[in-house]
Amino acid sequence: QVQLVESGGGLVQAGGSLRLSCAASGRTFSSYAMGWFRQAPGKERESVAAVDWSGARLYYADSVKGRFTISRDYAKNTVYLQMNSLKPEDTAVYYCAVDLDGLGPRWYIATEFDYWGQGTQVTVSS
């Protein structure tokens with residue numbers, strides 16, 4: 001099993017920045033891919049970004065390309081989501097997740113991921 005704990009959410013004005021963290025434990029950190037998803041009220045969960053086990057392959061949703069950056073720190077067993085130029089439409093609960101089978105063309109599909117954190121709220125005011 002893998003346990004995930006997100007942090008770093010909060011309230012920020014449009015144009016501002018936040019960095020989300022997701023600390024992982026339970027399995028060798030370098031053995032799995034990780035992703036970030038978000039869910040706004042009344043909407044389906046959607047993919048945001050993902051990174052493979054090596055950190056070399058990165059994936060981003062079109063809506064966040066150029067504004068968000070995903071990265072992972074193997075010394076800290078933590079994956080980050082740096083969010084810049086935030087917009088009100090980025091408001092959501094953000095979840096990190098683990099994919100034990102590795103990333104591929106289906107990286108954006110939530111059901112491909114095996115473990116999930118509890119989520120952290122991000123609110124962007126206009």
Side-chain angles (χ1 to χ4, degrees):
Q1 283 202 346
V2 179
Q3 293 78 42
L4 303 170
V5 178
E6 300 104 331
S7 61
L11 173 64
V12 64
Q13 288 188 335
S17 298
L18 282 175
R19 188 177 78 158
L20 305 184
S21 300
C22 175
S25 61
R27 278 199 181 206
T28 303
F29 185 68
S30 58
S31 68
Y32 48 78
M34 298 192 73
W36 286 97
F37 289 75
R38 66 187 181 187
Q39 188 165 19
K43 295 187 177 182
E44 293 187 354
R45 190 169 297 191
E46 63 175 3
S47 59
V48 176
V51 56
D52 75 344
W53 65 272
S54 72
R57 286 192 297 161
L58 309 177
Y59 303 84
Y60 295 98
D62 289 343
S63 59
V64 306
K65 279 182 182 176
R67 300 188 298 124
F68 290 12
T69 303
I70 189 171
S71 61
R72 58 192 302 168
D73 184 331
Y74 295 89
K76 296 182 178 180
N77 288 0
T78 299
V79 66
Y80 300 100
L81 185 69
Q82 177 66 44
M83 306 186 294
N84 299 329
S85 303
L86 282 161
K87 305 175 182 179
E89 50 263 44
D90 294 319
T91 295
V93 177
Y94 283 70
Y95 300 89
C96 69
V98 163
D99 181 352
L100 298 177
D101 296 328
L103 295 177
R106 296 167 61 86
W107 71 270
Y108 57 92
I109 300 176
T111 53
E112 293 289 302
F113 289 76
D114 304 285
Y115 297 99
W116 293 82
Q118 82 288 351
T120 185
Q121 176 71 45
V122 171
T123 303
V124 184
S125 63
S126 57

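Numbers for residues simply follow the sequence, beginning at 1.
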In residues 17-26, what donor-acceptor pairs under 3.5 Å come from side-chain atoms, sequence neighbours left out?
unit_1 : atom_1 : unit_2 : atom_2 : d
S17    : OG     : N84    : OD1    : 2.9
S25    : OG     : Q3     : OE1    : 3.4

Report task. Start with the C-alpha distance between M83 and R67, add both sets of side-chain angles, then the distance that settles side chain to side chain contact (heavy atoms under 4.5 Å, CB included), and finish with yes or no. Result -> CA-CA 6 Å; M83 306 186 294; R67 300 188 298 124; over 6 Å; no
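- Considering every non-hydrogen atom in both V98 and M34, the closest pair reads CG2-CE, 4.0 Å.
- Linking Ile, Leu, Val, Met, Phe, Trp and Tyr residues whenever their side-chain heavy atoms come within less than 4.5 Å places W36 and V124 in a single cluster.
- A cation-pi arrangement, defined by a distance under 6.0 Å to the six-membered ring centre and an angle within 45 degrees of its axis, is present between R45 and Y95.
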Report task. Would you sort out whether F29 and Y74 count as a ring-ring contact (aromatic ring centres under 6.0 Å, His included), showing the intermediate values? Result -> CA-CA 7 Å; F29 185 68; Y74 295 89; 5.5 Å; yes
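- When hydrophobic clusters are built by joining Ile, Leu, Val, Met, Phe, Trp and Tyr residues whose side-chain heavy atoms come closer than 4.5 Å, directly or via intermediates, W116 is grouped together with Y59.
- Taking every heavy atom of both residues into account, V48 and V64 meet most closely at O-CG2, 3.5 Å.
- Between K87 and D90, no side-chain nitrogen of the basic residue sits less than 4.0 Å from a carboxylate oxygen of the acidic one, so the salt-bridge criterion is not met.
- Using a 4.5 Å heavy-atom cutoff, the side chains of R27 and L100 are in contact.
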Sequence neighbours excluded and cut-off under 3.5 Å, please list the side-chain donor-acceptor pairs for residues 101-110, or say none.
unit_1 : atom_1 : unit_2 : atom_2 : d
R106   : NE     : E112   : OE2    : 3.0
R106   : NH2    : E112   : OE2    : 3.1

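- Taking 4.5 Å as the limit, every side-chain heavy atom of V122 sits out of range of all side-chain heavy atoms of T91.
- In terms of hydrophobic clustering, with Ile, Leu, Val, Met, Phe, Trp and Tyr side chains grouped at heavy-atom distances under 4.5 Å, F37 and L81 are assigned to different clusters.
- In this structure, S126 and P88 approach most closely via the heavy-atom pair CB-CG, 3.8 Å.
- The minimum heavy-atom distance between S125 and L11, with the atom names listed, is CB-CD1, 4.4 Å.
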**Report entry** Residues Y32, Y115; criterion ring-ring contact (aromatic ring centres under 6.0 Å, His included); working and verdict
**Finding:** CA-CA 11 Å; Y32 48 78; Y115 297 99; 8.3 Å; no
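- For the pair L86 and V12, the tightest heavy-atom approach, listed with the atom from each and the gap, is CD1-CG1, 3.6 Å.
- With hydrogens and angles disregarded, no donor-acceptor distance shorter than 3.5 Å links the side chain of Q118 to the backbone of V5.
- By the 30° and 60° cut-offs, the orientation of the rings of F68 relative to Y94 is tilted.
- What you find for C96 and E6 is that their closest heavy atoms are N-OE2, 2.8 Å.
- In terms of modelled atom types and a separation under 3.5 Å, the side chain of D52 and the main chain of R57 share a donor-acceptor contact.
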